[in-house]
Amino acid sequence: MIFTSFEFIAFFLIVLIGYYLIFPNLRWIWLLAASFYFYTKASPHFLPYILSSVAVIYASSRMIGYLDSRKASYFQKNELTKDEKKAYNKHCTRNKKIFCATGIILNVGMLAFTKYFNFVGESVSAITGGTFTALDIIVPLGISFYTFQSTGYLIDVYRGMYEPQKNPMKYALFILFFPQIMQGPIGRYNDLAPQLFEPCKFDYDRLKSGLVRMLWGFFKKMVIADRAALLVNTVFDNWKPYSGAVIWTAVFLYAVQLYADFSGYMDIALGAGEALGIRLSENFRTPYFSKSTAEFWRRWHITLGTWFRDYLFYPIIRTKLFQKVAKSKKLPKFVKTNLPTIAGLAVVWLITGIWHGADWHYAAWGIYYGMIIIASSLLAPVYEKLTKLLRIKTDCFSYKLFQIVRTFLIVLVGYVLFRGNGLMAALKMIKSMFTVFNPWVFTDGTLLTLGLDAANWNVLILSMLILLAVSIANENGINVREKIARQNIILQWICYLAGIFAVLIFGIYGPGYDVSSFLYFNFRKIHWHISYYWNIHMRYCCPICCS
């Protein structure tokens, strides 16, 4: 079931009404039933994978919790020497590590097999000259997200951050909660679980705020992202006839498309959660206003970045190997200080690239950002000395604007690696961007032949300006939803109805429109049937849009 389908809207309204009508202590059961229904509507074939993940992590966490409670009871009932306590504690820690490692291997192993088995087999056969027969593997919906969320939960239980959930159905709800199952955000148990299980009172203002955020997400997805995609797909799918100016335009619009698409999905997910009284983690913070690539990734897909930081980067730099490096008297200070960070960043960014898709251009994209962020970190003292030497004012608007534009250009080049149809095609596109530039395409009508006519260009430009204005307001700490909510009722509903009619009239519908095409679905190559959603969508969509 896709967020931009009428079926989802009907489903959500039923869930919302039922949630506030039933007894408060039964609401979590209602959410679990709704989440199971939501997930099985995609395909019943996905269920064995996610239920296996739930079972593996639940069992592993319970065993870790059992070992902790048994150790505490053993210490309480027996008078032990310091050495005996140390030996027993070591024994329990070893067993906890076994259960934790087993759970992680089985859980991540399902993700690795479904997403990367064919990719690895094809890559090895290409290198060795052998033959490989690809398997017809189903990639379950949202497997990357629920695998990371459940793995993080298990690691936190192992670290003793909280007790494992004893009720398997409540743990299943934590993983299956329908607004976040497909694209995140990646939730933390100690933040999300109490909200799922503890009933909240009905709040009209919170309900309205959540629904308005969902409307804003629909606007970004259907009016901006799907319209920009018409030109982006035309150019990226057949880029050779076009000059660098056209490719730059397509890459810029892809940046708009990707942000509007992914952040639009998050607005729908977080708005749905807010309407139910459940606060999900923010995943975007106006990333295109970032002044460095490192800052950009602290603002984009925030929950994924913090997951990699807490469960991969920090464990790497805290390994015994790098502890020895830091204490070594033979190595220079520069190496001892920077080697753990460089190694951690290199691993994190390689895995980040591969996580987005089983293809070499995704790996190249991860390496690209890893190299830039590592180089920026190492050269930071040089930049600081250079700005002082040249007497550059770093606190003025012009310098901050320069930093924002510089970062955005770096991001645009990265998007070519990310979106290109293969690594070689992406590299050739980048070469064309910087070597073949025909500025006349902006005035000779070429841009009107790439999937967007003049009317669609006008709608896209106006909607992008609205998005820019809201983003500037957010960057300056102004919450537009709250501003509108504080106005009189007439002005409020003028804004709300304008948003509703904008989506209905200017949303992209018609032949070829795929309501399942949120970009992050495609990155992980999820194959599933959408004809049912397409038929419902076309049966009920606004006649004006289909004319």
Side-chain angles (χ1 to χ4, degrees), residues 43 45-46 48-49 52-53 101 104-141 143-144 147-148 151 232-242 247 250-251 254 308 312 316 321 342-375 413-436 517 519-529:
S43 173
H45 300 297
F46 296 158
Y49 292 92
S52 297
S53 175
I104 292 173
I105 290 170
L106 292 175
N107 199 37
V108 177
M110 284 187 283
L111 169 65
F113 175 75
T114 55
K115 284 185 62 174
Y116 304 110
F117 179 81
N118 286 337
F119 170 65
V120 172
E122 291 168 358
S123 300
V124 171
S125 64
I127 295 172
T128 60
T131 58
F132 175 76
T133 303
L135 300 179
D136 186 15
I137 300 174
I138 297 175
V139 182
L141 182 68
I143 187 171
S144 297
T147 298
F148 275 28
T151 300
V232 170
N233 294 338
T234 299
V235 176
F236 270 90
D237 292 345
N238 183 27
W239 62 272
K240 291 182 180 179
Y242 306 114
I247 297 175
V251 175
Y254 179 67
F308 276 121
L312 190 59
I316 288 174
L321 172 62
I342 292 172
L345 288 172
V347 172
V348 164
W349 277 104
L350 178 61
I351 294 178
T352 299
I354 296 173
W355 180 84
H356 280 86
D359 204 307
W360 286 111
H361 68 95
Y362 291 120
W365 171 81
I367 294 170
Y368 168 80
Y369 272 110
M371 292 174 61
I372 289 174
I373 291 176
I374 289 171
V413 174
Y415 279 149
V416 182
L417 289 172
F418 194 74
R419 174 61 175 81
N421 294 329
L423 179 57
M424 293 309 299
L427 293 175
K428 289 178 181 178
M429 285 183 70
I430 292 173
K431 180 181 177 182
S432 179
M433 290 168 64
F434 291 98
T435 57
V436 182
S517 59
L519 292 181
Y520 265 63
F521 294 162
N522 297 332
F523 296 155
R524 286 177 291 280
K525 302 188 184 302
I526 296 173
H527 304 293
W528 51 323
H529 300 294

Sidechain-backbone polar pair: Asp359 side chain, Gly422 backbone, donor-acceptor under 3.5 Å: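 Checking the backbone N and O of Gly422 against the side chain of Asp359, no donor-acceptor pair under 3.5 Å is found.
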Within-4.5 Å side-chain heavy-atom neighbours: Leu350 and Ile367: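 Side-chain contact under 4.5 Å: yes.
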Sequence-distant partners of Asp237, salt bridge (charged side-chain N to carboxylate O under 4.0 Å, His left out), two or more places apart: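 Once residues adjacent in sequence are excluded, the partners of Asp237 under the salt bridge (charged side-chain N to carboxylate O under 4.0 Å, His left out) criterion are Arg419.
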Results of ring pair (Phe, Tyr, Trp, His ring centres under 6.0 Å) for Phe148 - residues two or more places apart only: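 Trp307, Phe308, Trp355.
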To the nearest 0.5 Å, how far apart are [atom1] in [X] and [atom2] in [Y]?
X: Phe236; Y: Asn421; atom1: CZ; atom2: CG; answer: 8.5 Å
X: Tyr49; Y: Phe113; atom1: OH; atom2: CZ; answer: 7.0 Å
X: Asp136; Y: Ile138; atom1: CG; atom2: CD1; answer: 7.0 Å

Aromatic plane relationship, Tyr415 with Tyr254 - under 30° parallel, 30 to 60° tilted, over 60° perpendicular: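 Perpendicular: the ring planes of Tyr254 and Tyr415 meet at over 60°.
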Parallel, tilted or perpendicular, as decided by the 30° and 60° cut-offs, for the rings of Trp365 and Trp349: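 Trp349 vs Trp365 ring planes: perpendicular.
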Taking all non-hydrogen atoms of both residues into account, name the closest pair between [X] and [Y] and its distance.
X: Leu417; Y: His361; result: O-ND1, 2.8 Å
X: Trp239; Y: Lys428; result: CH2-CB, 3.4 Å
X: Lys115; Y: Val139; result: CG-CG1, 4.0 Å
X: Gly420; Y: Ala426; result: CA-CB, 4.3 Å
X: Leu111; Y: Tyr116; result: O-CD1, 4.1 Å

What side-chain donor-acceptor pairs closer than 3.5 Å can you find for residues 117-125, not counting sequence neighbours?
residue	atom	partner	partner atom	Å
Asn118	OD1	Leu135	N	2.9
Asn118	ND2	Leu135	O	2.8
Ser123	OG	Phe119	O	2.8
Ser123	OG	Trp360	NE1	3.4
Ser125	OG	Gly121	O	3.1
Ser125	OG	Glu122	O	2.9

Name all residues meeting the side-chain contact (heavy atoms from CB on, under 4.5 Å) criterion together with [X]; count only those two or more places apart in sequence or in a different chain, and write none if there are none.
X: Ile104; value: Cys100, Val108, Thr151, Leu154, Ile155
X: Ile342; value: Asn338, Ile374, Leu378
X: Ile105; value: none
X: Met433; value: Ile247, Trp248, Val251, Val416

Under the side chain to side chain donor-acceptor pair (under 3.5 Å) test, residues paired with [X] that sit two or more places apart:
X: Ser432; value: none
X: Ser53; value: Asn107
X: Tyr242; value: none

